[in-house]
Amino acid sequence: QVQVAESGGGSVETGGSLRLSCAASGYIDSDTCLGWFRQAPGKEREGVAAIWFGGSMTYYSDSVKGRFTISRDTAKNTVYLQMNSLKLEDTAMYYCTSGLYCSFDGIWYPRPGSNWGQGTQVTVSS
(Lines give C-alpha, C1' and ligand atoms only; values in the text may rest on other atoms or scores of the structure.)
Protein backbone atom coordinates (compact mmCIF):
# COMPACT_ATOMS: atom_id res chain seq x y z
CA GLN A 1 0.00 0.00 0.00
CA VAL A 2 0.99 3.58 -0.57
CA GLN A 3 1.29 5.82 2.46
CA VAL A 4 0.83 9.56 2.08
CA ALA A 5 1.64 12.66 4.10
CA GLU A 6 0.48 16.19 3.34
CA SER A 7 2.17 19.52 3.94
CA GLY A 8 1.91 23.10 2.80
CA GLY A 9 -1.36 24.35 4.20
CA GLY A 10 -1.77 27.73 5.81
CA SER A 11 -3.71 30.97 5.86
CA VAL A 12 -4.05 33.27 2.88
CA GLU A 13 -6.27 36.11 1.74
CA THR A 14 -8.77 35.76 -1.05
CA GLY A 15 -7.09 35.77 -4.41
CA GLY A 16 -3.88 34.38 -2.97
CA SER A 17 -2.05 31.14 -3.68
CA LEU A 18 -0.82 28.11 -1.80
CA ARG A 19 0.91 24.93 -2.84
CA LEU A 20 0.20 21.66 -1.07
CA SER A 21 2.52 18.68 -1.20
CA CYS A 22 1.73 15.01 -0.78
CA ALA A 23 4.72 12.76 -0.18
CA ALA A 24 4.00 9.16 -1.06
CA SER A 25 5.86 6.08 0.08
CA GLY A 26 5.44 2.40 -0.56
CA TYR A 27 4.74 0.58 -3.76
CA ILE A 28 4.05 3.14 -6.46
CA ASP A 29 3.70 2.18 -10.08
CA SER A 30 2.42 3.69 -13.29
CA ASP A 31 -1.15 2.66 -12.44
CA THR A 32 -1.15 4.46 -9.10
CA CYS A 33 -3.60 7.34 -8.98
CA LEU A 34 -3.35 9.86 -6.15
CA GLY A 35 -5.51 12.79 -5.38
CA TRP A 36 -6.71 15.52 -3.10
CA PHE A 37 -9.99 15.76 -1.25
CA ARG A 38 -11.18 18.42 1.13
CA GLN A 39 -13.68 18.73 3.92
CA ALA A 40 -15.07 21.93 5.33
CA PRO A 41 -16.81 22.05 8.73
CA GLY A 42 -20.29 20.65 8.49
CA LYS A 43 -19.82 19.45 4.93
CA GLU A 44 -19.05 16.14 3.32
CA ARG A 45 -15.62 15.33 1.98
CA GLU A 46 -15.36 16.22 -1.69
CA GLY A 47 -12.89 15.41 -4.40
CA VAL A 48 -10.67 18.24 -5.58
CA ALA A 49 -8.16 16.82 -8.05
CA ALA A 50 -6.37 13.61 -8.98
CA ILE A 51 -3.49 12.54 -11.14
CA TRP A 52 -2.32 9.31 -12.68
CA PHE A 53 1.20 8.85 -11.39
CA GLY A 54 2.49 7.12 -14.49
CA GLY A 55 0.94 9.42 -17.02
CA SER A 56 -0.27 12.93 -17.61
CA MET A 57 -3.98 12.43 -17.07
CA THR A 58 -5.48 14.72 -14.47
CA TYR A 59 -8.92 15.18 -13.00
CA TYR A 60 -10.53 18.21 -11.40
CA SER A 61 -13.78 19.07 -9.72
CA ASP A 62 -15.75 21.82 -11.41
CA SER A 63 -15.32 24.08 -8.39
CA VAL A 64 -11.52 24.27 -8.80
CA LYS A 65 -11.05 23.80 -12.53
CA GLY A 66 -8.97 26.63 -13.96
CA ARG A 67 -7.69 27.70 -10.54
CA PHE A 68 -5.98 24.60 -9.17
CA THR A 69 -3.31 22.51 -10.85
CA ILE A 70 -2.25 19.04 -9.79
CA SER A 71 1.15 17.73 -10.76
CA ARG A 72 3.61 15.05 -9.73
CA ASP A 73 7.33 14.59 -9.41
CA THR A 74 8.04 10.92 -9.99
CA ALA A 75 11.62 11.23 -8.78
CA LYS A 76 10.41 12.50 -5.42
CA ASN A 77 7.21 10.43 -5.29
CA THR A 78 5.37 13.64 -4.54
CA VAL A 79 2.12 15.09 -5.78
CA TYR A 80 1.50 18.82 -5.65
CA LEU A 81 -1.64 20.90 -5.65
CA GLN A 82 -1.04 24.47 -6.77
CA MET A 83 -3.99 26.56 -5.67
CA ASN A 84 -4.42 30.00 -7.22
CA SER A 85 -7.18 32.60 -7.00
CA LEU A 86 -8.27 31.16 -3.68
CA LYS A 87 -11.79 31.85 -2.52
CA LEU A 88 -13.41 31.84 0.90
CA GLU A 89 -15.17 28.61 -0.01
CA ASP A 90 -11.85 26.87 -0.52
CA THR A 91 -11.34 26.92 3.24
CA ALA A 92 -11.18 23.30 4.38
CA MET A 93 -8.97 20.51 5.61
CA TYR A 94 -7.23 19.04 2.58
CA TYR A 95 -6.41 15.36 2.46
CA CYS A 96 -4.21 13.40 0.12
CA THR A 97 -5.15 9.86 -0.71
CA SER A 98 -3.65 6.96 -2.61
CA GLY A 99 -5.33 4.06 -4.28
CA LEU A 100 -7.86 6.02 -6.25
CA TYR A 101 -9.74 4.43 -9.10
CA CYS A 102 -9.07 6.63 -12.10
CA SER A 103 -10.39 5.92 -15.58
CA PHE A 104 -9.72 7.19 -19.08
CA ASP A 105 -13.23 8.60 -19.28
CA GLY A 106 -12.74 10.95 -16.35
CA ILE A 107 -14.20 8.92 -13.51
CA TRP A 108 -12.27 8.91 -10.24
CA TYR A 109 -13.08 7.94 -6.69
CA PRO A 110 -11.42 6.39 -3.63
CA ARG A 111 -11.31 2.60 -3.62
CA PRO A 112 -12.34 0.91 -0.38
CA GLY A 113 -9.37 0.81 1.94
CA SER A 114 -7.55 3.75 0.35
CA ASN A 115 -4.94 5.34 2.57
CA TRP A 116 -5.49 8.91 3.71
CA GLY A 117 -3.07 11.42 5.17
CA GLN A 118 -3.66 13.41 8.34
CA GLY A 119 -4.72 16.44 6.38
CA THR A 120 -3.48 20.00 6.12
CA GLN A 121 -5.62 23.04 6.88
CA VAL A 122 -6.20 25.73 4.27
CA THR A 123 -7.87 28.90 5.50
CA VAL A 124 -8.85 31.69 3.13
CA SER A 125 -9.92 35.01 4.61
CA SER A 126 -11.10 38.30 3.20
Q. Heavy-atom distance under 4.5 Å between the side chains of V79 and W36, does that happen here?
A. yes
Q: Determine whether Y95 and Y60 fall in the same hydrophobic cluster, where Ile, Leu, Val, Met, Phe, Trp and Tyr are linked whenever their side-chain heavy atoms lie under 4.5 Å apart.
A: no
Q. Has the side chain of T91 got a donor or acceptor atom that lies under 3.5 Å from a matching backbone atom of V124?
A. yes
Q. In Å, rounded to the nearest 0.5 Å, how long is the span from CH2 of W52 to CE of M57?
A. 6.5 Å
Q: Report yes or no: do W108 and V64 belong to one cluster of Ile/Leu/Val/Met/Phe/Trp/Tyr joined by side chain heavy-atom distances under 4.5 Å?
A: no
Q. So, the side chain of T69 versus the backbone of Q82: is there a donor-acceptor pair under 3.5 Å, distance only?
A. no
(Q) Do I70 and Y59 land in one hydrophobic cluster if side-chain heavy atoms of ILVMFWY residues count as linked below 4.5 Å? (A) no
Q: State, to 0.1 Å, how close A40 and A92 come at their nearest heavy-atom pair, and which atoms those are.
A: N-CB, 3.8 Å
Q. Donor-acceptor pair, D29 side chain versus T32 backbone, under 3.5 Å?
A. yes
(Q) Are the side chains of L86 and F68 in contact, using a 4.5 Å heavy-atom criterion? (A) yes
Q: Hey, could you give me the CD1/CD distance between I28 and Q1, rounded to the nearest 0.5 Å?
A: 12.5 Å
Q) Between S114 and G99, what is the shortest heavy-atom contact and its length? A) OG-O, 3.2 Å
Q. Atom CZ of R19 and atom CE of M83: how far apart are they, to the nearest 0.5 Å?
A. 11.0 Å
Q: Compare all side-chain heavy atoms of T120 with those of L20 and state whether any distance is below 4.5 angstrom.
A: yes
Q.
Measuring centre to centre across the rings, with the benzene-like ring taken for any Trp, is Y109 within less than 6.0 Å of Y101?
A. yes
Q: Return the minimal non-hydrogen interatomic distance between A49 and L81, and the atom names on each side.
A: CB-CD1, 4.0 Å
Q. Can you tell if the side chain of L34 reaches within under 4.5 Å of the side chain of T97, non-hydrogen atoms only?
A. no
(Q) Given 3.5 Å as the limit, does a donor-acceptor pair link the side chain of S98 with the main chain of V2, or not? (A) yes
Q.
Looking at W116, I'd like to know if the NZ or CZ of R45 sits under 6.0 Å from its six-membered ring centre while staying within 45 degrees of the ring's axis.
A. yes
**Q.** Test item: L100 and F37 side chains (from C-beta on) under 4.5 Å apart, heavy atoms
**A.** yes
**Q.** Main-chain N/O of F53 paired with R72 side-chain donor or acceptor, under 3.5 Å
**A.** yes
Q.
Let me confirm one number: the SG-CD1 distance from C22 to I51, rounded to the nearest 0.5 Å.
A. 11.0 Å
(Q) Side chains of Y94 and R38: any donor to acceptor distance under 3.5 Å? (A) yes
Q.
Salt bridge check, K87 against D90: does any charged N sit closer than 4.0 Å to a carboxylate O?
A. no
Q) Under 6.0 Å from the CD atom of E46, do we count more than 12 heavy atoms belonging to anything else shown? A) yes
Q.
Can you pull out every side-chain hydrogen bond (donor to acceptor under 3.5 Å, both in side chains) where at least one residue sits in residues 5-17? Sequence neighbours excluded, please.
A. S17-N84
